[in-house]
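Data block below; observations after.
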Amino acid sequence: MKKIILPLLLISASAIGQSKLRPEIDKRADAIESKVIEWRRDFHQHPELGNQEVRTAKIVADHLRALDMEVTEQVAVTGVVGVLKGGKPGPMVALRADMDALPVTERVDLPFKSTVTTTFAGQQTGVMHACGHDSHTAILMGVAEVLAGMKNQLEGSVKFIFQPAEEGVSDVDMAGAELMVKEGVMKDVDAVFGLHIWAQIEAGKIGYRPGPTMAAVDILGINVLGTQAHGASPWSGVDPVVTSAQIVTGLQTILSRSVNVTQNPAVVSVGAIHGGIRHNIIPEKVEMIGTIRTFGDDQQALVHRRINEIATNIAESAGAKAEVTITKLYPSTVNDEALTAKMIPTLDAAAGKENVVLMDPMTGSEDFSFFQREKPGVFVFLGGMKPGADPLKTPSHHTPDFYLDESGFKLGVRVMSYFVVDYMGMKR
């Protein structure tokens with residue numbers, strides 16, 4: 001029994017030793033809060049799309065260098081990586097923030113409102129931090145300053161990953177987290193942590209979920225090929241419009257009859273259908289595009305197989321042909337269950353147990369999943385909604401009216417800093 005108890009006591013003592021740094025983290029987070037908000041407002045007023053985050057990256061790199069870190073720029077095009085070496089040996093803990101904005105025209109009346117415009121997909125549009133990546137970048141800059149001031153007390157090192165193109169880009173095959181992984185960012189990392197501001201959670205609260213947390217996302221394309229005919233004599237052709245309608249309906253049976261929804265949800269949505277040019281002509285071809293959301297590799301494979309079976313068989317039954325293409329984008333974001341369990345006390349300490357929320361799976365997607373496929377990782381959600389507001393009436397992410405309550409940013413600095421010191425304490 002003594003042989004079992006002694007290692008446990010050593011681990012506990014080490015963890016407690018690093019946890020003693022929490023009061024100093026709190027003090028430093030209080031001191032830096034106004035600076036974090038100032039950084040965020042500056043980034044919000046000067047948003048940049050994926051792989052174009054040149055100004056943002058320079059500000060980040062200059063800040064990390066001023067903190068005496070080893071800094072690498074132009075990682076995965078415009079990414080920045082800084083390494084803070086602690087005063088004592090230990091694990092390498094990675095913290096990630098994404099930097100890119102979206103092609104959205106802002107409607108919120110703010111002193112730091114974005115007025116940036118660009119041409120995107122051939123259309124003139126505004127550019128806006130409509131998903132909160134400006135806050136992620138500012139918070140991680142705050143964490144960097146907090147921990148750099150305590151580096152002699154750290155039992156390990158910290159890798160700060162400022163990632164471009166989380167929202168993806170259309171002109172390259174690989175971007176964002178996937179490209180960062182390919183370029184070796186995760187090779188010397190022991191664990192990775194990230195957070196996402198969330199407009200439907202009250203500021204001051206933290207949301208988390210062990211296991212599958214956010215969905216894999218894939219792009220669906222289906223071309224239905226028929227035989228063109230006069231609309232007055234449809235029997236002389238093969239109608240791809242009617243066939244497409246049957247396919248859309250058939251795809252919904254995947255969710256109701258093939259997926260075990262008691263375990264995890266799934267989504268197959270057709271977002272656009274294009275076919276024909278005139279009211280009295282049955283076209284030769286109909287094109288459909290949509291999105292697929294699944295949790296885990298097995299469920300993803302099942303849904304992909306059923307899409308192919310349903311589309312091709314319905315088309316064949318009508319005398320048409322269906323060409324199905326599925327392009328994988330991001331895998332499911334899966335929080336390592338063992339690491340998540342260990343970090344729940346960290347969340348409780350940072351936010352207060354009453355402010356830590358167990359969340360349902362989310363069908364949105366995040367390329368943080370690529371980091372988690374390399375090393376154990378935990379991804380949490382930081383409240384950004386005004387306390388007392390109705391989440392059903394609060395503008396959601398990726399909309400022109402998206403708005404964040406900045407009072408929760410300090411909690412973001414605290415929880416990310418706590419992750420580092422608590423994990424280091426556990427790994428000694």
Side-chain angles (χ1 to χ4, degrees), residues 1-29 82-97 139-140 143-144 146-161 185-195 206-211 213 333-353 355-358 368-369 371-382 411-428:
M1 179 63 72
K2 290 182 179 178
K3 291 182 180 180
I4 298 174
I5 291 175
L6 183 58
L8 291 176
L9 290 176
L10 289 174
I11 292 172
S12 177
S14 176
I16 290 171
Q18 285 290 276
S19 295
K20 286 182 178 179
L21 298 178
R22 290 174 181 171
E24 186 173 351
I25 288 173
D26 293 345
K27 180 180 177 181
R28 290 174 179 272
V83 176
L84 175 67
K85 293 185 177 180
K88 304 172 185 178
M92 175 72 80
V93 184
L95 303 178
R96 174 270 205 166
I139 286 169
L140 193 55
V143 174
V146 166
L147 295 180
M150 305 165 58
K151 67 179 181 180
N152 291 335
Q153 303 173 71
L154 297 181
E155 297 179 353
S157 299
V158 189
K159 180 173 284 190
F160 295 91
I161 300 172
V185 146
M186 295 296 290
K187 285 183 179 178
D188 57 350
V189 169
D190 292 282
V192 60
F193 298 93
L195 63 74
I206 287 279
Y208 79 98
R209 182 174 183 81
T213 300
T333 302
V334 181
N335 282 334
D336 183 275
E337 297 199 23
L339 183 58
T340 303
K342 290 178 181 178
M343 289 300 159
I344 291 174
T346 300
L347 298 176
D348 291 344
K353 192 170 185 177
N355 293 317
V356 178
V357 181
L358 178 62
F368 186 80
S369 53
F371 298 125
Q372 291 175 312
R373 292 212 157 190
E374 299 298 311
K375 298 294 171 63
V378 174
F379 193 69
V380 299
F381 299 89
L382 177 69
L411 174 57
V413 174
R414 290 176 63 199
V415 73
M416 292 288 270
S417 300
Y418 279 21
F419 276 152
V420 170
V421 298
D422 287 3
Y423 182 83
M424 288 178 175
M426 293 172 187
K427 300 303 289 184
R428 183 176 178 181

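Note that the structure is predicted; figures quoted are calculated from it, not measured.
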Practice task
Can you see which heavy atom on Pro210 is nearest to which on Leu358, and at what distance?
Solution key: CD-CD1, 3.8 Å
Practice task
Compare every heavy atom of Val146 with every heavy atom of Ala29, then report the nearest pair and how far apart it is.
Solution key: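 Shortest heavy-atom separation between Ala29 and Val146 comes out as N-CG2, 4.1 Å.
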Atom pair [atom1]/[atom2] of [X] and [Y] - distance to nearest 0.5 Å:
| X | Y | atom1 | atom2 | result |
| --- | --- | --- | --- | --- |
| Arg373 | Thr333 | CZ | OG1 | 9.5 Å |
| Met150 | Arg28 | CE | CZ | 6.5 Å |
| Ile344 | Ile206 | CD1 | CD1 | 13.0 Å |
| Leu347 | Asn355 | CG | CG | 11.5 Å |
| Asn335 | Thr213 | CG | OG1 | 4.0 Å |

Exercise for the section: Not counting sequence neighbours, which residues clear side-chain hydrogen bond (donor to acceptor under 3.5 Å, both in side chains) with Ser417? List them please. Expected result: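 Listed in chain order: nothing, the list is empty.
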Problem - Pairing residues for Glu374 by the side-chain hydrogen bond (donor to acceptor under 3.5 Å, both in side chains) criterion, not counting sequence neighbours - result: none
Handout entry: Under 3.5 Å side-chain donor-acceptor pair for Asp336 and Gln372
Key =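 No, no side-chain donor-acceptor pair sits under 3.5 Å.
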Quick one, [X] and [Y] - any side-chain contact, counting heavy atoms below 4.5 Å?
| X | Y | value |
| --- | --- | --- |
| Val357 | Phe381 | no |
| Ile139 | Leu382 | yes |
| Gln153 | Val421 | no |

Pair up each side-chain donor or acceptor in residues 185-195 with any protein partner under 3.5 Å, not counting sequence neighbours, and list the distances.
| unit_1 | atom_1 | unit_2 | atom_2 | d |
| --- | --- | --- | --- | --- |
| Asp188 | OD1 | Lys159 | NZ | 2.6 |
| Asp190 | OD2 | Met92 | N | 2.8 |

Just to verify, what does [X] make a salt bridge (charged side-chain N to carboxylate O under 4.0 Å, His left out) with, not counting sequence neighbours?
| X | value |
| --- | --- |
| Glu337 | none |
| Asp26 | Arg414 |
| Arg96 | Asp98, Glu366, Asp367 |
| Lys342 | none |

Exercise for the section: Just jot down the side-chain contact (heavy atoms from CB on, under 4.5 Å) partners of Thr346, sequence neighbours excluded, or say none. Expected result: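 side-chain contact (heavy atoms from CB on, under 4.5 Å) list for Thr346, sorted by chain: Arg22, Met343, Tyr418, Phe419, Asp422.
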Fill in the blank from the handout: The side-chain contact (heavy atoms from CB on, under 4.5 Å) partners of Lys85 (sequence neighbours excluded) come to Glu70, Val83, Ser157
Handout entry: ring-ring contact (aromatic ring centres under 6.0 Å, His included) involving Tyr208 - partner list, sequence neighbours excluded
Key = none
Problem - Main-chain N/O of Gly87 paired to Asn152 side chain as donor or acceptor, under 3.5 Å - result: no
